[in-house]
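Throughout, a chain's letter reflects where its sequence line sits, starting with A, and its residues are numbered from 1. Note that these values count all heavy atoms, side chains included, but never hydrogens, waters or copies made by symmetry.
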Amino acid sequence: MGSYNFSEIEKKWQNKWEETGCFHAETASDKPKFYALIEFPYPSGQGLHVGHPRSYTALDIVSRKRRMQGYNVLYPIGWDAFGLPTENFAIKNKIHPKIVTKNNIANFKRQLKMLGFSFDWSREVNTTDPEYYKWTQWIFLQLFKKGLAYKQEMPINWCTGCKVGLSNEEVVNGVCERCGSEVVQRRKSQWMLKITEYAERLINDLDDVDYIERVKTQQKNWIGRSEGAEVKFQLTSGDEMVVYTTRADTLFGATYVVLAPEHKLVEKLLPSLENVDEIKEYITLAGKKSEFERTELAKDKTGVQLKGVNAINPVTGKELPIFISDYVLVTYGTGAIMAVPAHDERDWDFAKKFNLPIIEVVAGGENVQEAAYTDVYKGNMVNSGFLDGMPVKEAIPAMIKWLEEKGLGKKKVNYKLRDWLFSRQRYWGEPIPLVYCEKCGWVPIPEEQLPLELPEIDEFEPGENGESPLAKATEWINTTCPHCGAPAKRETDTMPQWAGSSWYFLRYIDPHNNDALASKEALDYWTPIDWYNGGMEHTTLHLLYSRFWHKFLFDLGIVPTKEPYMKRTSHGMILGENGEKMSKSRGNVVNPDEVVNEYGADAVRTFEMFIGAFDQSTPWSQDGLKGCYKFLERVWNLQDMMTDEEGYSKELCSNIHKTIKKVSDDYEKMKFNTGIAALMSLVNDFYKAGKVTKGEFLTLITLLNPVAPHMTEELWEMYGKGGLLSVSPWPEYDEALTVDSEVEIVVQINGKIRDKMMVSAELDKAGIEKLVTESDTVKKLVDGKTIIKTIVVPGKLVNIVVK
RNA sequence: GCGGAUAUGGCGGAAUUGGCAGACGCGCAUGGUUCAGGUCCAUGUGAAAGCGAUUUCAUGCAGGUUCAAGUCCUGUUAUCCGCACCA
């Protein structure tokens, strides 16, 4: 027997798999289809790190197993290659981002191939390929044509480092998610996508998909649906303001109202106010602050009263002071609130600071002068006219009904979700395929002119005033209006990185199609995706954006399903050996090249799956990797113990069937760590027996194949039944053989373990009780005591309660 | 501040959903084989007490429910993640 030469073996089988094309998926087949998807990587300059393969190996195991079980499996891969890091690298090193991308992809590809994933490489996609982004642009044009893309001047987050606008979702703790620079507020005309139009469906349709609960909760919270009411307040100036509230029941307790400083009404009222300077100063101050700075001052509320005008409470008729304060956001609701300090903490803080009245309208709390009482489940209405005595839950609809009847307000659903800021003033993204004509406005370019390719330029830096680098491509910009033929200019903004990744899973289905993003036939066959695994960090951005686009394509009749992914799971992060997040600056990054070189791809794959619970983050361990290598070597060395005996050895028979069952189940439940542990135990049993039959050995390597595909293919070639193990049938188990005829019963007295007995598995409750209570040990233990109660759990234990 | 997750030996982690806590691996110890080679094989390994069979204590902390709690309930602490006054 030769020694376990993993580097030779791994290269050999990677070549064989490529030559035979055994992992190519065929569209349309009698077999059941299985479409497994992992989040395609962003090909960064650093190359793969040891965290990437965790997700890829997991679905590779499921894909390989399903293939062996007779499924027609699609497990594709591609590159999410537009984006800032590449562009920044290109700027710094004066290399075209296209070249940088090409090099990075080559490196990633080498690394992924080295790990032996069963990807269908013939379907590789690349978001920066014009043949690909042609369809990204095409989808954008459809959105535009349906009125879901619009341009609007609005306050945006401006990254002082990258000199680009960021969507709120990309701002992390007040700094740019990518470069870490300060983010400030600025106004700029931007392309927006109306994802909010899909908010309701994005929540409701979660009921039809199998996502892990955490992901569903996080998406729902992000969309943030709330049911409330809009209420009209007449002002003493004769104007009208509309506030949004979820607590219409507390209207009798509203003692002042607040407008966001940017609210249009403030501008309108200004000329007639007494303290114009003070107000203007506050508005300027608030405008300078980033959203982060505003919230940093959360405890200490600020604001200015609009002197010379009051609002009239529609139910009490009382005049209320009007304030502007930056604790009210112009982007949410109507940008105006009615303040009920007795029952809202923020309002309470503000009221205390500005000495405003606090009127209790819900009983049941402590003194509202001391703290706000916010419980909606306890307490009835007081000081509230026709609502008095009602519980809050009834008072809310009662008040809304009253408002609607009087024409003073209406029921209103609001969402936290905001529209998707889609413009970037950057080079390395898809050009937005629109033309601006003085006469016709924004005009889409004809679809037959797609792809609209990026112009070749030399300088990729954004312009000084934040304009796109494309603005320098004069020849490219100047064009004619497709509508009227007059001279016109192209849009110079590009799309965000999220665009290409919002539909890539559809292109895999039919990647070389020139006439459509994918053929209808192929889409009908492969969608929806059966299983999508990815990181929790993509739960609110990518996952939501791609669901939105998919739903839009569904509405157009392009895709046959309303949801793209049937099932979504999530992997935990692999941390550095010191338990901290892997990063270059911490110096704890583990390079896959090194570990594969040292222990082989099979050992790395095995360890990545054995390292801990798949959905939890866990630190890397070089010793742990060594342990998995040792396990594979023990499997390899079993060759020495192989006997010519036929069939399974009797003592291991039930063990084998139990292992087949456990491993099959565990792979599907992503409990890879315990599945591998079961295989380790089985190997230990073979060592204890000092022998293994060929049948047992082949079962073992088949079960291990999805995890360690190279070594098991090699062993299959030596001892197996011919052909590739990767396409051989998955072992079946006999349920009857997984059940033991005798089980161990734990005997407890007052909950303490006192004895263990082997009893027949068929024995019923009474039988077990009789056997146990009549045993000598038990008789001795309960002697002289009274038995109060005996609990029998068949197959588990007997607990005798004595006094 | 709000929301979510997590907490089990020296370490990574198991525990069929209320039923023997610590599977499997690492590490460590002892013995054997090879005795220069990242060895390999076997046995042991939560803590404390005892020569011992055994006993007691142990799943972040404090209570509670139950014959029985890592698992359920109440409170609390720590760590990590997400969000930023969402009315």
Side-chain angles (χ1 to χ4, degrees), chain A residues 168-169 171-174 213-214 217-218 220-222 224-226 228 243-247 250 258 291-292 294-299 301 325-329 331-340 343-347 349-350 414-418 536-537 539-540 572-573 575 579-581 598-599 606-607 610-613 615-631 633-634 637 662 665 671 673-681 683-684 687-688 690 744-753 756 788-793 795-802:
Chain A
N168 286 323
E169 290 100 326
V171 181
V172 177
N173 292 329
E213 216 42 53
R214 265 176 315 150
T217 313
Q218 217 168 304
K220 280 180 194 166
N221 289 348
W222 185 268
R225 183 182 197 276
S226 78
V243 306
Y244 178 72
T245 178
T246 53
R247 292 293 304 276
T250 60
V258 189
E291 234 172 85
F292 179 65
R294 278 196 184 192
T295 58
E296 255 192 334
L297 307 164
K299 285 269 167 346
K301 297 274 183 291
S325 172
D326 59 13
Y327 86 94
V328 173
L329 302 181
T331 47
Y332 184 76
T334 58
I337 63 157
M338 62 180 212
V340 186
H343 305 290
D344 184 284
E345 272 161 33
R346 289 149 303 166
D347 297 347
D349 289 341
F350 193 90
N414 258 335
Y415 301 94
K416 282 200 265 186
L417 185 71
R418 295 174 204 170
M536 280 308 283
E537 71 273 20
T539 305
T540 45
M573 230 188 303
L575 308 169
E580 288 172 27
K581 199 170 166 175
E598 227 172 325
Y599 295 102
T606 307
F607 180 57
F610 185 68
I611 193 166
D615 60 354
Q616 249 146 4
S617 55
T618 178
W620 182 263
S621 155
Q622 203 70 11
D623 282 337
L625 171 60
K626 210 163 82 187
C628 286
Y629 174 77
K630 208 169 111 181
F631 163 63
E633 220 173 19
R634 270 163 79 82
N637 291 338
K662 173 143 187 72
D665 285 354
K671 295 178 76 170
N673 54 339
T674 54
I676 292 167
L679 292 173
M680 287 172 169
S681 289
V683 170
N684 291 345
Y687 271 78
K688 271 186 201 117
E744 193 181 52
I745 294 279
V746 173
V747 180
Q748 298 182 330
I749 310 281
N750 286 345
K752 304 256 187 221
I753 299 154
K756 290 175 184 182
I788 297 166
K789 198 173 178 182
T790 306
I791 293 106
V792 181
V793 183
K796 293 268 169 61
L797 76 126
V798 174
N799 188 11
I800 304 167
V801 187
V802 299

What nucleic acid atoms does [X] come within less than 4.0 Å of, heavy atoms only: base, sugar-phosphate, or nothing?
X: A:Gly333; value: nothing
X: A:Ile611; value: sugar-phosphate
X: A:Ile753; value: sugar-phosphate
X: A:Thr245; value: sugar-phosphate
X: A:Asp347; value: nothing
X: A:Val801; value: sugar-phosphate
X: A:Asp623; value: sugar-phosphate
X: A:Thr790; value: nothing
X: A:Glu598; value: base
X: A:Ala336; value: nothing
X: A:Tyr687; value: sugar-phosphate

Give a yes/no on whether any side-chain N or O of [X] is located under 4.0 angstrom from OP1 or OP2 of [N].
X: A:Asn673; N: B:C24; value: no
X: A:Lys671; N: B:A14; value: no
X: A:Tyr332; N: B:A87; value: yes
X: A:Thr246; N: B:C86; value: no
X: A:Lys789; N: B:C67; value: yes
X: A:Arg634; N: B:A42; value: yes

Once you apply the 3.5 Å cut-off to both distances, tell me the Watson-Crick or G-U wobble partner of B:U76, or none.
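With both distances under 3.5 Å, B:U76 matches B:G60.
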Indicate the atoms forming the closest heavy-atom contact of A:Ile611 with A:Pro619, along with that distance.
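Here A:Ile611 and A:Pro619 meet closest at CD1-O, 3.5 Å.
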Within this structure, what is the CH2-to-C1' distance between A:Trp222 and B:A84, rounded to whole angstrom?
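From A:Trp222 CH2 to B:A84 C1': 10 Å.
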A:Asn637 side chain to A:Glu633 main-chain N or O, any donor-acceptor pair under 3.5 Å?
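Present.
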What integer number of Å spans the C1' atoms of B:A15 and B:G19?
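Looking at atom C1' only, B:A15 and B:G19 are 11 Å apart.
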Quick check for you: among [options], whose closest atom lies nearest to any side-chain atom of [X]?
X: A:Val746; options: B:C20, B:G12, B:C24; result: B:C20
X: A:Tyr327; options: B:U43, B:C85, B:G27; result: B:C85
X: A:Gln218; options: B:G19, B:C24, B:G82; result: B:G82
X: A:Lys630; options: B:C40, B:G27, B:U16; result: B:C40

Under 30°, 30 to 60°, or over 60°: which ring-plane class applies to A:Phe607 and A:Trp620, parallel, tilted or perpendicular?
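Rings of A:Phe607 and A:Trp620: perpendicular, over 60°.
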Is there side-chain contact between A:Met536 and A:Asp615, with heavy atoms separated by less than 4.5 Å?
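No. Closest side-chain heavy atoms not under 4.5 Å.
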